[in-house]
Amino acid sequence: MSYYFTIIGTKDNPLFEHEFGTSKPGGDGTAKFREEAAHMNQFIVHAALDMVEEVQWGTKDLYLKKVDTFQNNHIHTFITGGNVKFMLLMNPDPSATPYSNLASPPPSSRSSTARQSMLLANNPSSSQTEDAVRGFVTEVYEAWVKCIMNPFYDVNQEVTSPIFRARVAAAAKRFL
Amino acid sequence: MPSMADAASTSQALTDLTITPLPPKKPHVPSLKYPSNRKTIYDRNLNRTKTSEISLASFAYLFNSLISYHQSRSPSVSELETRLNRAGYPIGIKMLDLLLYRQEVRRAQRPTRLLDMLQFVHGTLWRSLFNRAADALEQSTSKRNEYMIVDNEPVVNTFISIPKEMSQLNCAAFVAGIIEGMCDAAGFGTEGVSAHWAGEGDELWPGKTIFLLRFKESVVERDEAIKAGGG
């Protein structure tokens, strides 16, 4: 299970990126994305922003749950009051993800690390997954509000604070 | 369209250039400084307690400095009001998320409808800033995109006396800026929020101030579309 988390500003500009793997039994906390995923993840999340715009006026909740799926990438979104989006892409087995028809996936090398930690990802819209993601984004939201309370922070500025990153990583470790 | 000869001479020129390699990238040295008690802003609590309320005197002093600063730099009353508005704007953007956070996160509700937004400003925002709701919320009878929030006695104007030649000036423009920032952040773009004196007629509340919110036409249309969709 690998995750790609990014914060998108009000002008669809990325403010923060973080990749990590599951810390549940069987995972070591590092992302197992293939090389091409580096840009594909950004691409998939960017495409999902359209879906966010569609659902964001239909609900008053901040957590919009799963908004989009591409192959076996599932994207959950949390939207803040200020229209900043927290996008969490989860992929149960990145090594088996064919991003295009041309590049066939490597012969099903379902590595042991990928197999063991699929509890959450097997069911990307199960209430169990949603609760875990909700816990994660709620913690990130707290750190986010603290970050924007900084009087020197302006809207749509990148977040570079290593403490913010540590907070996100800690929340990821706890919930995902 | 460059000819072949041009292209050849360009490539010739390129090879003639002496190439100096870029200096190696310096390793990133974090310049983060921790406060002496090791407590960063991420360690502070965001919820407000009764004891952390700010005193009116210190606010009045700061607000006074803000006004004097901008007054010395603006040639006209409207310029001064615009500057005060701009000073409040970023506060509004940030207040929105802070107030949502202070509601219980699981039950926090983003304002998605125009009326929700207005009530959020009228109630939640006013209570957190001034400890009471605003005094009235009205819709303009002539224009469907105009709303008014009335405050009988704005706290920010408590110690402000307006000179006769600037009688149009209302320093609550600062609060108008906060409202504007909050509406903008929530996706309810405005054509401006302004603060106006209610006029001499009201003897009971001489400082009565009307905040006029003019929403963009697209916002009103979206709201009607949501209503039509049964949302």
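Every chain is numbered from 1, with letters handed out A, B, ... down the list of sequences.
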Quiz prompt | Under 4.5 Å from a heavy atom of chain A, the part of B:Leu96 involved | solution = side chain

Quiz item: Hey, what's the ring geometry for B:Phe188 with A:Trp57, parallel, tilted or perpendicular (30° and 60° as the breaks)?
Solution: perpendicular

Quiz prompt | Greater than 12 external heavy atoms within 6.0 Å of B:Glu79's CD | solution = yes

Quiz prompt | B:Arg110 side chain to A:Thr59 backbone, donor-acceptor under 3.5 Å | solution = yes

Quiz prompt | Main-chain N/O of A:Gly81 paired to B:Asp97 side chain as donor or acceptor, under 3.5 Å | solution = yes

Self-check item: Contact winner vs chain B - A:Thr160, A:Val84, A:Asp154, A:Ile79, heavy-atom pairs under 4.5 Å
Solution: A:Ile79

Self-check item: Structural part of A:Thr80 lying under 4.5 Å from a heavy atom of chain B
Solution: both

Self-check item: B:Asp184, part contacting chain A, at a heavy-atom distance under 4.5 Å
Solution: neither

Quiz item: Is it the side chain or the backbone of B:Arg222 that comes within 4.5 Å of chain A heavy atoms, both, or neither?
Solution: side chain

Quiz item: Distance from B:Ile41 atom CD1 to A:Lys146 atom NZ, nearest 0.5 Å?
Solution: 9.0 Å

Quiz item: Is the number of heavy atoms from other residues, nucleotides or ligands within 6.0 Å of CZ (B:Phe59) greater than 12?
Solution: yes

Quiz item: B:Leu137: what forms a side-chain contact (heavy atoms from CB on, under 4.5 Å) with it, not counting sequence neighbours?
Solution: B:Leu118, B:Gln119, B:His122, B:Ile149

Quiz prompt | B:Lys94 side-chain N/O to A:Asn150 backbone N/O, donor-acceptor pair under 3.5 Å | solution = yes

Quiz item: Would you say A:Lys60 has more than 12 foreign heavy atoms packed within less than 6.0 Å of its NZ?
Solution: yes

Quiz item: Out of curiosity, B:Asn47 CG to A:Glu142 CD, how far, rounded to the nearest 0.5 Å?
Solution: 8.5 Å

Self-check item: Interchain contact, A:Tyr63 with chain B, by part (heavy-atom threshold 4.5 Å)
Solution: neither

Self-check item: Heavy-atom closest pair, residues B:Tyr42 and A:Ala143
Solution: CE2-O, 3.4 Å

Quiz item: CD of B:Gln168: more than 12 outside heavy atoms within 6.0 angstrom?
Solution: no

Quiz prompt | Contact class of B:Ile93 relative to chain A, heavy atoms under 4.5 angstrom | solution = side chain

